[in-house]
Student: 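The following block contains the structure, expressed as structure tokens.
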Amino acid sequence: MAMPIRAIPVLEGAAARRFIKEAKANEKRRGTMRFSEEEMASCRAILEDARKHGTIHFD
């Protein structure tokens, strides 16, 4: 049986303006997260372990 189509919520007024402002600000900060050397080492260890067990395949 088909599911009924629901209305799509739409932002209006101040909420819409705030959303657009925040979206543009986030576009400018895209990809700017900083990671400590400890976090990077942990990530490398996890990836190396996954490679060893054959659960991840990339060069």
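In what follows, residues are counted from 1 in the order of the sequence shown.
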Student: Taking NZ, NE, NH1 and NH2 as the nitrogens, is one of them in Glu48 or Arg51 under 4.0 Å from a carboxylate oxygen of the other?
Tutor: yes
Student: Is there a chain of hydrophobic side chains (I, L, V, M, F, W, Y, each step under 4.5 Å between heavy atoms) that links Ile8 to Ile5?
Tutor: no
Student: Side chain of Asp49, backbone of Ala45: donor and acceptor closer than 3.5 Å?
Tutor: no
Student: What pair of heavy atoms forms the shortest contact from Met3 to Arg6, and how long is it?
Tutor: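 The answer is CE-NH2, 4.5 Å.
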Student: Salt bridge check: are Arg44 and Glu37 linked by an N-O gap of less than 4.0 Å?
Tutor: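 Answer for the salt bridge query: yes.
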Student: Counting only N and O atoms by type, is there a donor-acceptor contact under 3.5 Å from the side chain of Glu39 to the main-chain atoms of Ser36?
Tutor: yes
Student: CD1/Ile20 to CG/Leu11 distance, rounded to the nearest 0.5 angstrom?
Tutor: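 Answer rounded to 0.5 Å: 8.5 Å.
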